[in-house]
Each structure stands twice: as C-alpha cells, then as structure tokens.
Amino acid sequence: GVKKVCWNPHADMQYAACLENNIKVVDMRHNSEKSSHGEYFMGHTGPVLCTDWHPNRNGMLASAGRDGYIKVWNIKKGGYDHMMKYAAAIDCIKWRPTDDNYILSTSSTFDHDVLCWNVEKPFVPSHAFSGHTRRASQFSFYSKQSDNFFSIGKDKTLLHHKFDDA
C-alpha cells in the first residue's frame, strides 16, 4: 500500500507516492483518475517510508526507507544521482532549504538525532542535532529561507535547532 504522498512544489499536478520498495511519480495532467500510469523508480531493498521533492531543483526527489538508504533521484534522467547509507531504517527526510546539497533525516530505530547529509560527500553525516532522549520522529524548517528548524520526539519534546550550533 501507499505509505506517503508528496506533492511536487514545481509542478502542481505531480506527486510521488511511496509504494512498498518503489516510488511512483504521477503527473495527473497526463492520467485519468482511474489510470494506474506513472513512472516507477526502483532501487530500495525494503519499504520506502518517505520522500521529499527538492525545494529549488525541479525534477529532483529524495527517498528513504527501511533499508537505511537515502537516494536522490533525477526524475528527468530516470535514475538516482546520489546515495547515502545509514545503519538503520530512515523514516523522515527533508531537504535543507538554504543549501541545495544537504538533506536531513531521522532514524526510527538507531539513535535520537536529526542527521544532515551532504549529497556530494555521502559517506558520513555532516551534522548531527541532538537533544532528544527518545527518537526524533519529525522535523520542520521555520521557513524556506531559514536554517532554523524544530524537531519533535517520542520523548514528547519540541526542540529548536540552528545550523550554527551543530
């Protein structure tokens, strides 16, 4: 079944859906409501749990899932350009709005931090934001022009983070 749907900020009628081990990208301008058409992007070995369209680069989509991979897809080329591997399942990702090469993630099983990855240097996270005593479950940037974001955790806390503090 569908785990999550994410609308493309650059194309009003296009969305990406997490379907088992795949991502399905659908442009509703080219499909009827009953159509199952769309382009599939396969490359995860476990369920895809989250996606996020790049806020500044049209056609760039990130996905992550239970296999611990973050993959950055180039929708126009039909494959992925970048890949990061973490030691555990990743259940939330979001692009950093002020820097095109950075994506943040949380893990559902391994640690309590929000991690930031540079897609050009994918081997280890570039920043770690700590403070939760149980896993961080979600996060959101203050605005599209901000490096400030808030995270919530299973410890029932809301934390304010700044990249200057990492």
Side-chain angles (χ1 to χ4, degrees), residues 1-9 15-26 38-57 59-141 147 149-159 161 163 165-166:
V2 176
K3 303 273 189 249
K4 183 180 179 186
V5 172
C6 185
W7 290 95
N8 185 343
Y15 67 89
C18 302
L19 299 169
E20 301 305 324
N21 298 1
N22 308 313
I23 301 104
K24 181 178 180 182
V25 175
V26 176
E39 190 171 357
Y40 285 89
F41 293 86
M42 296 173 256
H44 286 278
T45 58
V48 178
L49 302 176
C50 52
T51 60
D52 192 40
W53 290 97
H54 198 288
N56 305 317
R57 293 183 181 169
M60 189 175 285
L61 175 71
S63 64
R66 195 166 292 151
D67 60 3
Y69 282 99
I70 299 172
K71 295 195 175 186
V72 178
W73 303 89
N74 183 324
I75 301 304
K76 295 173 185 172
K77 286 188 347 187
Y80 62 87
D81 288 339
H82 305 284
M83 178 174 60
M84 286 75 61
K85 175 69 171 133
Y86 191 56
I90 297 171
D91 60 353
C92 184
I93 55 172
K94 195 167 292 288
W95 288 100
R96 182 179 175 187
T98 58
D99 195 319
D100 286 349
N101 289 328
Y102 288 87
I103 190 164
L104 281 72
S105 70
T106 59
S107 172
S108 60
T109 57
F110 194 65
D111 61 29
H112 310 311
D113 298 338
V114 177
L115 301 176
C116 181
W117 303 83
N118 180 341
V119 299
E120 300 294 333
K121 299 175 184 175
F123 303 108
V124 294
S126 61
H127 301 80
F129 299 91
S130 57
H132 288 287
T133 58
R134 294 181 63 201
R135 79 174 182 92
S137 55
Q138 291 286 325
F139 54 92
S140 182
F141 281 91
D147 267 344
F149 69 95
F150 295 88
S151 64
I152 58 172
K154 293 297 182 179
D155 56 4
K156 300 179 183 176
T157 60
L158 172 71
L159 299 179
H161 302 281
F163 270 84
D165 299 339

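Excluded from the calculations below are hydrogen atoms, water molecules and symmetry mates; all remaining heavy atoms, backbone and side chain alike, are included.
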Legend entry - For Ser137 against Lys154, the heavy-atom pair lying closest together: CB-CE, 4.2 Å
Legend entry - Flag, side chain of Asp67 to backbone of Tyr69, donor-acceptor distance under 3.5 Å: yes
Inset, instruction - Compare all side-chain heavy atoms of Met84 with those of Val119 and state whether any distance is below 4.5 angstrom. - result: yes
Inset, instruction - Return the minimal non-hydrogen interatomic distance between Ser107 and Ala89, and the atom names on each side. - result: OG-O, 3.0 Å
Inset, instruction - Return the set of residues passing side-chain hydrogen bond (donor to acceptor under 3.5 Å, both in side chains) with Lys156 (not counting sequence neighbours), or none when no residue passes. - result: none
Inset, instruction - Spell out, as yes or no, whether a donor-acceptor pair under 3.5 Å connects the side chain of Lys76 to the backbone of Met60. - result: no
Inset, instruction - Look at the side chain of Trp117 and the backbone N and O of Ser105, then say whether any donor-acceptor pair between them is shorter than 3.5 Å. - result: no
Legend entry - Other residues, nucleotides, ligands: >12 heavy atoms within 6.0 Å of Arg134 CZ: no
Inset, instruction - Quick one: closest heavy-atom pair of Ala128 and Leu115, and the distance? - result: CB-CD2, 3.7 Å
Inset, instruction - Say whether, by atom type as modelled, one donor and one acceptor occur between the side chain of Thr51 and the main chain of Ala62 under 3.5 angstrom. - result: no
Legend entry - Side chain proximity check, Ser63 to Phe41, heavy atoms < 4.5 angstrom: no
Inset, instruction - Flag yes if more than 12 heavy atoms outside Lys85 fall under 6.0 Å of its NZ atom; otherwise flag no. - result: yes
Inset, instruction - Report yes or no: does Lys3 contribute a side-chain atom to a donor-acceptor pair with the main-chain N or O of Pro47 at less than 3.5 Å? - result: no
Legend entry - Student check: side-chain heavy atoms of Lys121 and Phe123 closer than 4.5 Å: no
Legend entry - Donor-acceptor contact below 3.5 Å, side chain His54 vs main chain Asp100: yes
Legend entry - Check: Thr133 main-chain N/O paired with Asp155 side-chain donor or acceptor under 3.5 Å: yes
Inset, instruction - Could you please spell out the steps behind the side chain to side chain contact (heavy atoms under 4.5 Å, CB included) verdict for Tyr80 and Val72? - result: CA-CA 5 Å; Tyr80 62 87; Val72 178; 5.9 Å; no
Legend entry - side chain to side chain contact (heavy atoms under 4.5 Å, CB included) between Phe139 and Leu159, worked out: CA-CA 9 Å; Phe139 54 92; Leu159 299 179; over 6 Å; no
Legend entry - Expected output: side-chain Thr106 to main-chain Gln138 donor-acceptor under 3.5 Å: no
Inset, instruction - Could you give me the CA-CA distance, side-chain angles and deciding distance for Ile23 and His44, then say whether side chain to side chain contact (heavy atoms under 4.5 Å, CB included) is met? - result: CA-CA 9 Å; Ile23 301 104; His44 286 278; 4.1 Å; yes
Legend entry - Between Phe129 and Phe149, ring centroids under 6.0 Å: yes
Legend entry - Verdict with supporting geometry, Asp99 and Phe163, side chain to side chain contact (heavy atoms under 4.5 Å, CB included): CA-CA 11 Å; Asp99 195 319; Phe163 270 84; over 6 Å; no
